[in-house]
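Have a look at the structure below before the remarks.
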Amino acid sequence: MSISPSKAGTVDNMGVETREGIMVIADIENGILHRSTLELLGKARELADSRKTSVSVALAGNNVGELKQVLFEHGADRVYIMDCEELGTFDPATYKEAYISIIKEAKPEVILISATHRGRSIAPRIAAHLATGLTADCTDLYFDEKGNFIQVRPAYAGNIYAHILSRTKPAMSTVRPGIFKPIQRIPGRTGEAVVMPKTLCPRGVLRTISKTHRETASITEAKVIITVGRGLRRKEDIELVKKLARIIGASVGATRPLVDMGWMPKENQVGYSGNIVKPRIYIGLGVSGSPMHVIGMKDSEIIVSVNKDPNAPIVNISDYAIIGDLYEFIEKLTKEIERLKSKIS
Amino acid sequence: MQKNQIAAGCEYVNFRIVVLMKPTPDPDKVRFDAEKGTIIREGVELIINPYDLPAIELAVQVKEKLGGEVIVISMAPPQGEEALRDAIARGADRAILLTDRRFAGADTLATSYALASAIRKLGNVNLVIGGEKSIDGDTAQVPGEVAEMLGLPHVSYVSRLIDIDYSRAIVESDLESEVVTYEVPLPCVLQVTLNVAKPRIPTIKGKLQARKAIVEKWSADALADIADINRFGIKGSPTMVYRVVIPKEKERKRIILDTEQGVKAVVDLLMKEGLL
Amino acid sequence: MKLRNYYPYFEDFHEDIKSLAKNVSQELEKRAREADEKGSEEIMRENLKMLAEHGFLGINVPEQYGGQGLDERSVVLSLEEIARGCAATAFSLGGHYLAVGSILIGGDEALKQKFLPRLVKDSIGAFALTEPNAGSDAASIVTRAEKKNGYYVLRGEKHFITNGSIADVFVVFAKTSPEKGARGITAFVVERGIPGLLIGKKEEKLGVRASPTNQVFLDDVEVPAENIIGKVDEGFKIAMQALTRGRIGMAAQAIGISRLALQLAINYAENRVQFGQPIINQQAIQFMLSDMFIMLRASEELTYKAAWLADRKADVTLEAAVAKLYATEAAKLIVDKSLQIHGGIGYTRDQVIERLYRDVRILTIAEGTSEIQRLVIFRNIKRPLD
């Protein structure tokens, strides 16, 4: 019932000499492949080609065998399949067991996992089990001239990028979704499917009591985000912003003070302790641009800000800094868009 | 103790909750030297990693419900002592600082190994709670690695503790596209998000008592009987920082417009993007 | 930077008090603007509740009554930080401390046992001395207290009472012996809910708007003799001593506001570019900032010294008056200069400096106007010139 001092640690030092190939651990969401799996496959393909080696995918779950076709068509040479009923429950420990079996079989040099919540739950267990290096939330990966595998990742809330070298193999990385691109799909491409024996199916201790689906598309996927800050005078005024967002087809974000005051839910928070977003267009209304917020949106492709204060920090990082009253801006923009839409229809 | 010996209302001799805490630089005070590619840390004091505050708060709440003790453990240089003292002010009963030159230069694997070893040394731990990530390392790996090293079940991204007793916990885990409610047996490791508990500000009394409290300091030798000290610190770290790059901020156009011009510019942008 | 390294007046534990007050202040700051805009009593109640939970209501009340048993320096550091986050909350807290202080100074054991635990835990105090015709001339109050069958019947009208509408415990000063003037005043503790105690309209103020300021009517309020603080006819002394103590707290509030105003001015001047460079490069601005800095430092020295002396149980009548006068007058100047540096935008509601400008103005008036402070100082001037 409790940890006793004599219990040995679980360190699995495989001491395997030869390791090669890039392995991607498939991230499965609601029975289908999460988009990041294909992104990782694309990068794995690039890395493998530069090393003249192969790409494999570890596909574990419940009733997931059919997904192998998509994986082949997106660059996988080999897909290891661990199909177990027990994996119907997402338990990081059991998924680790499943992947360890596959890794022992495949002996990859590099293992890539999506930095989704699922991936980031499983990866540490695998790494600890193998006593190997794991680098989190990587935004770039490459082999240098000496053949070292280098993983690039942000630290200090994105203020620095660290280039990390792993001295052990396999080198493991969790990779940030939305950074890499899948290869162009090759219809009909096929590869080798390796089905792992059911005797290896793991048993877990976590029990799922219930699951609640989250409908709202995460703000991190939005192309246009309108973020509102303390320039907004009243909670009720959020409706004006939501209306504008609806007609543009944008998502609505909020700075931390608004979330703290309960004006918007936490899912909509843009900033270091909320969501880090990289939309095509970011429009900040009444957002001053405090450092913690800026961390969350500074990589937006185009930044537009609306603020009464010409000295607000956000002005400095805007492509278009509109100095004016945000209410006037919302009203005029809404009117203009409605006018254009009625002309078209 | 057999599971069937734990019945409701039967009080544990000592329900032990360990909180993994990292003393981190105050994020508002850290500066970066873009030219040298360095992080300017001198003079910046270490505070409790903001993501660990809800972990400490949750531990204290569990203790208030089930009794027992909250032990906060950190692996840090000696300056980390103040942060541990702050943890005591916030309700921890014991604070242990793992500090030794041999722990230095540790990556997450070596850090997790040291922390797991300390937990094993303590013994009889029923629950381990860790924060989502640290504001300087940002890896979110330590609680999972500690769980694996201790052979314990774990749940990450715990956004709510629904219920807990001596044998199991019911938790909600935020898996982005869904929220899953689990029952997890104890002992286990929980990695919690900021939402899980609102950290209370210490009272004056708490702060003053913490000033008098003793922060236990364990060196690598303290763990030598149950751990392999070659797995601590830089020796036990498979990953190392090759290079640090402080990115140049993207060049922005900084075109200043008034409201009229602004509306026009935004409409143009949206049209170019095919959104209108 | 450790307090002690710069100011030898403090102990190590004062560091903790300051950092705690800072944490609390950051919470207060979040709603300070809303509280000011709405003049929100509700937010003030919540703020004071939070302060109570952390021990600030009873910070200088001895532990045997449930307080923290801390010193004047701790009060100063707390009020500084709280004023920085929300000046209105600090102002209300100051009013509460005057009531608590009166009981601590003059109350017998029974009275202390009766009221202090409540005032520490969740009851707000109010100090009711001022009347429409008795402000600086406090001795000329006309509220009457007549003895009747073991009770004292209070009748009169108080105004500008801080915390009027949220207080549970009122320290009321009334004339038991009108013919004796100042020496005929008695201090009573009157509880909310007592028949005849009526809280009147809330004043719409220029600043510290979230701190409720009310008229208080005493319509034949019956107060038991055991609620007298100290002895009959000795209330004026208690009032003066409480106000002397409170002066150091006022100076602390002024320091908190000054420090913020200076910081805001520096931040603004570093970012505002005119004529091709940040205005902080202009000598005119630099000179203003230096002057502000000197005034702030001087305020700190006078206030911390006074608090240190108070903690050594010295008579701080002179030092408290000097600190209050200087720090509050300086705060007005510092805030004014800061607003000037902000320029046009400093004049808009969006900016914190606008609120500070309004909040700071009460400090040279409340708890003894600057003019009264000068009288007190003059009366004691001969002492240190020896």
Side-chain angles (χ1 to χ4, degrees), chain A residues 227-238 241 254-266 268-274 284-294 298 303 305-318 321-330, chain C residues 23-40 42-44 46-47 50 85-86 209-210 260 263-282 285 289 338-356:
Chain A
T227 301
V228 65
R230 289 233 267 197
L232 200 73
R233 283 195 287 272
R234 301 171 314 157
K235 183 179 181 173
E236 299 74 53
D237 296 338
I238 302 249
V241 181
T255 58
R256 185 173 181 173
L258 264 63
V259 172
D260 281 348
M261 291 195 285
W263 290 12
M264 287 285 277
K266 192 141 170 81
N268 298 75
Q269 187 177 322
V270 174
Y272 177 65
S273 56
L285 303 177
V287 173
S288 64
S290 79
M292 286 287 141
H293 177 72
V294 167
K298 67 184 165 80
I303 296 179
S305 63
V306 180
N307 201 302
K308 265 201 272 188
D309 181 0
N311 290 295
I314 201 170
V315 169
N316 241 5
I317 58 156
S318 297
I322 302 169
I323 308 300
D325 176 56
L326 72 95
Y327 289 92
E328 202 190 319
F329 176 81
I330 293 176
Chain C
N23 285 341
V24 165
S25 175
Q26 280 160 2
E27 287 301 311
L28 296 174
E29 201 268 328
K30 288 179 183 163
R31 300 176 75 190
R33 176 164 142 182
E34 192 191 339
D36 173 69
E37 270 169 17
K38 297 184 181 162
S40 172
E42 192 195 319
I43 296 180
M44 183 54 64
E46 285 169 18
N47 287 353
M50 176 172 60
C86 176
R209 286 166 46 75
L260 179 58
Q263 188 62 62
L264 289 171
I266 294 173
N267 292 348
Y268 185 80
E270 278 175 342
N271 286 307
R272 171 70 170 171
V273 173
Q274 287 287 271
F275 309 110
Q277 54 181 329
I279 61 175
I280 202 167
N281 291 350
Q282 305 289 357
I285 302 295
L289 291 171
S338 178
L339 194 145
Q340 186 69 12
I341 290 173
H342 278 76
I345 203 155
Y347 204 65
T348 68
R349 277 286 162 94
D350 288 335
Q351 295 295 315
V352 174
I353 190 65
E354 183 269 342
R355 192 183 83 234
L356 292 184

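Chain identifiers are assigned alphabetically (A, B, ...) following the order of the sequence lines, protein sequences preceding nucleic acid strands; residue numbering begins at 1 within each chain.
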Task: Contacts of type ring pair (Phe, Tyr, Trp, His ring centres under 6.0 Å), residue Tyr268(C), not counting sequence neighbours - done: His342(C)
- [ ] Check salt bridge (Lys or Arg N to Asp or Glu O under 4.0 Å) between Asp237(A) and all other residues, then give those that pass, not counting sequence neighbours.
- [x] Arg234(A)
Task: Segment of Asp309(A) engaging chain C (4.5 angstrom heavy-atom cut-off) - done: both
Open item on the list: I'd like to verify something: which residue of Thr348(C), Asn271(C), Ile345(C) has the highest number of heavy-atom pairs under 4.5 Å with chain A?
Closed with: Ile345(C)
TODO: State whether the side chain of Thr255(A) and the backbone N or O of Gly229(A) hold a donor-acceptor pair below 3.5 Å, judged by distance alone.
DONE: no
TODO: Say whether, by atom type as modelled, one donor and one acceptor occur between the side chain of Asp325(A) and the main chain of Lys308(A) under 3.5 angstrom.
DONE: no
Open item on the list: Please classify the contact of Gln351(C) with chain A as side chain, backbone, both or neither, using a heavy-atom distance under 4.5 Å.
Closed with: side chain
- [ ] Counting only heavy atoms closer than 4.5 Å, note whether Arg31(C) contacts chain A via side chain, backbone, both or neither.
- [x] neither
